[in-house]
Amino acid sequence: MTDTPLRNTLYDTEEIQQKDNHFIHPWEIPSTIGNNKRTVITEGDGIYVRDSDGNKLIDAPAGMWCVNIGHNRQEMANAISEQVMRLSYATPWAMTNAPASILADELAKKSPGDLNNVAFVTCGSTAVDTAVRFMHYYNNALGRPTKKRIISRAMAYHGSTYVGGTLCGKPLDRHNMDFAEGMCHQISCPNPHDRKEEQTVEEFCAEKVMELEDAILELSPENVGMFIAEPVLASGGVIVPPDGYLKKCKDVCDKYDVLFVADEVVTAFGRLGHWFASEDVFGVIPDMITTAKGLTSGYIPMGALLISDRLINQLKETEGGDNCFSNGYTYSGHPVAAAAALKSMEIIEREGLLDNARIVGEYFQKRLRELLDIPMVTEVRGTGLMGAVECLNSGTTTGDMRDVAYDIGARIDKHCQQLGLIVRPLVSMCIMSPPLTITKDQIDEMISILREGIERTQAEIIAEGIWTPK
Ligand code: PLP
């Protein structure tokens, strides 16, 4: 990206912000509609974006954990436009199209174990929705109509459809919302940082696995259909479970014939240095995987549910499997989205971005942990190219701690943006998941801005008497 503002004359910031008041954004607060002045992002290049005032910013969250190959790739634009001009749409019901079929075959090859069957959907939420509907269908077909309860975890995020929202475990997302009664049972979050003082990480891990087993027994295995888990809880704050946790959870699920669903909407397509993280990072072959985001590197919306041969074969062998799985969308296997996914995978492969994510990811984790010397930083978490810096849950503050935490997140966000960095503020956490193309020098640039942004915030809140370090 050149350092002179490019096409920003196309847009007048105030005019766009005015028009934007008709756009109900995700997690919108109605009382602020009419007064919002969101930053207008007008263009991108690699790991950078530019706003309508010409400011160049590092896109540390890669949009929304999704722009894995980086912004504005010409060959991606070519692949999309060529597909539009060849075939812009075909019905996925009675017919198929070549890009979707080739993509299904590629996903079957790249996914772990026998997850060789792909239901294409529109995003991560509809992937989760489809996993739940498949579990219902599967257990009905097998004559087990009560085996439908779902176990998920506190701090999980599984999407924003009615079903996806029901499975989410972040308390702040539950105000004033309704959920499917009795569908989901929640167990606690496996963040090793929260263990009791006298507990080892291994003991903490055993306790969390036992909690899953106890929940299945309490609800009765006859009533529990699936356990859904993000291998690393992403939007909950990049929470990495203890070693062996996921594998042990899978063993518990197998023991009680409960389907293990890995929600890899964030962790797949290179974010942790592999096509999928379940087996390569965590040693687990799930029964189903939900994915989206990095599948097309965010250039075109698309999601997928991968289902094991074992489940499909069971259905083939039962009479119940003769009834159709009445699920799917107008845009299932959309040829343009499939062409974008194939191009994204080709670029990841050709440019060695999985290796880059592993090598640079390690460097990123090391540099992130250096921020622990700032008194306001209380925890640094992450793995691969996923990281979170949590500020302030110690020391003394004036005012309600939660309000202070929100205020701090907003201040860090503001300072970082002024310095040239977008971080995703989540209460008082800064969340980062940069494009897989990022270099060590760019990581240095990102960390030094983040340090400056946090230190400026810290100086402000000490000067204003909001917080006193311990
Ligand atoms: N599952 C996980 C783990 C996610 O992080 C998200 C979105 O952030 C979703 C599901 C929902 O995906 P989407 O927003 O594409 O519907």
Side-chain angles (χ1 to χ4, degrees), residues 24-28 59-68 119-134 150-170 172-173 177 179 184 186 189-191 226-241 246 260-272 276-278 281-282 284 286 288-306 329 331-332 334 337 340-341 344 381-388 424-426 429 431-433:
I24 303 286
H25 288 258
W27 274 241
E28 188 68 85
D59 184 8
M64 197 74 196
W65 324 88
C66 58
V67 189
N68 289 11
F120 287 115
V121 295
T122 51
C123 61
S125 302
T126 48
V128 169
D129 213 284
T130 301
V132 170
R133 297 198 79 202
F134 183 82
I150 300 161
I151 299 178
S152 78
R153 301 168 306 166
M155 301 314 288
Y157 184 71
H158 296 296
S160 183
T161 56
Y162 187 51
V163 167
T166 296
L167 307 189
C168 289
K170 290 163 66 187
L172 291 174
D173 293 346
M177 300 299 281
F179 301 98
C184 182
Q186 220 134 59
C189 168
N191 183 358
M226 80 188 222
F227 171 59
I228 184 162
E230 296 159 83
V232 173
L233 290 102
S235 306
V238 188
I239 295 163
V240 185
L246 283 169
F260 182 104
V261 180
D263 186 347
E264 290 223 40
V265 166
V266 169
T267 53
F269 302 103
R271 180 101 347 256
L272 300 188
F276 292 92
S278 291
V281 182
F282 297 101
V284 176
M288 292 193 263
I289 291 180
T290 51
T291 193
K293 296 192 189 267
L295 171 60
T296 58
S297 280
Y299 278 71
I300 303 260
M302 184 180 227
L305 170 70
L306 279 71
Y329 307 96
Y331 300 125
S332 294
H334 194 288
S344 176
R381 296 183 291 265
T383 179
L385 283 175
M386 291 174 80
R424 182 173 166 218
L426 254 175
M429 278 181 269
I431 304 279
M432 281 152 288
S433 57

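Note: hydrogens, waters and symmetry copies are ignored here, and every other heavy atom, side chains too, is used. One-based numbering, in listed order, for ligands and for the atoms of each. Starting from 1, each residue takes its place in the sequence as its number.
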State the atoms of ligand 1, each with its element, that fall below the 4.0 Å cut-off from a heavy-atom position in [X].
{"X": "Val266", "result": "5 (O)"}
{"X": "His158", "result": "1 (N), 10 (C)"}
{"X": "Asp263", "result": "1 (N), 2 (C), 3 (C), 10 (C)"}

Exercise for the section: Give a yes/no verdict on whether any heavy atom in Glu264 is under 4.0 Å from an atom of ligand 1. Expected result: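 Glu264: no contact with ligand 1 (<4.0 Å).
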
For [atom], what is the closest protein heavy atom, and at what distance to 0.1 Å?
{"atom": "atom 8 (O) of ligand 1", "result": "Lys293 NZ, 3.0 Å"}
{"atom": "atom 12 (O) of ligand 1", "result": "Gly124 CA, 3.2 Å"}
{"atom": "atom 2 (C) of ligand 1", "result": "Tyr157 O, 3.3 Å"}
{"atom": "atom 14 (O) of ligand 1", "result": "Ser125 OG, 4.2 Å"}

Handout entry: Check: Phe179 ring centre within less than 6.0 Å of Tyr162 ring centre
Key =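 They do not qualify: ring centres at least 6.0 Å apart.
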
Practice task
Please determine which of Thr130, Asp129, Thr122 meets the side-chain hydrogen bond (donor to acceptor under 3.5 Å, both in side chains) test together with Thr126.
Solution key: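 By the side-chain hydrogen bond (donor to acceptor under 3.5 Å, both in side chains) criterion, Thr126 pairs with just one of Thr130, Asp129, Thr122: Thr122.
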
Exercise for the section: Could you tell me whether Met64 approaches ligand 1 through its side chain, its backbone, both or neither, with non-hydrogen atoms closer than 4.0 Å? Expected result: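 Looking at Met64 and ligand 1, no heavy atom falls under 4.0 Å.
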
At what distance, to the nearest 0.5 angstrom, does [atom1] of [X] lie from [atom2] of [Y]?
{"X": "Ser125", "Y": "Tyr157", "atom1": "OG", "atom2": "OH", "value": "5.0 Å"}
{"X": "Leu272", "Y": "Leu385", "atom1": "CG", "atom2": "CG", "value": "8.5 Å"}
{"X": "Glu264", "Y": "Glu230", "atom1": "CD", "atom2": "CD", "value": "10.5 Å"}

Validation: residues 294-305 side-chain donor-acceptor distances under 3.5 Å, sequence neighbours left out:
residue: Thr296; atom: OG1; partner: Gly298; partner atom: N; Å: 3.3
residue: Thr296; atom: OG1; partner: Ile300; partner atom: O; Å: 2.6
residue: Ser297; atom: OG; partner: Ile69; partner atom: N; Å: 3.2
residue: Ser297; atom: OG; partner: Ser344; partner atom: OG; Å: 2.9
residue: Tyr299; atom: OH; partner: Gly70; partner atom: O; Å: 2.6
residue: Tyr299; atom: OH; partner: Asn72; partner atom: N; Å: 3.0
residue: Tyr299; atom: OH; partner: Arg73; partner atom: N; Å: 3.0

Exercise for the section: Please determine if Glu230 has a nitrogen or oxygen closer than 3.5 Å to a nitrogen or oxygen of ligand 1. Expected result: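 No; the residue has no nitrogen or oxygen that sits under 3.5 Å from a nitrogen or oxygen of the ligand.
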
Handout entry: Heavy-atom side-chain proximity of Val265 to Trp65 below 4.5 angstrom
Key =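 They are not in contact (no side-chain heavy atoms under 4.5 Å apart), so the answer is no.
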
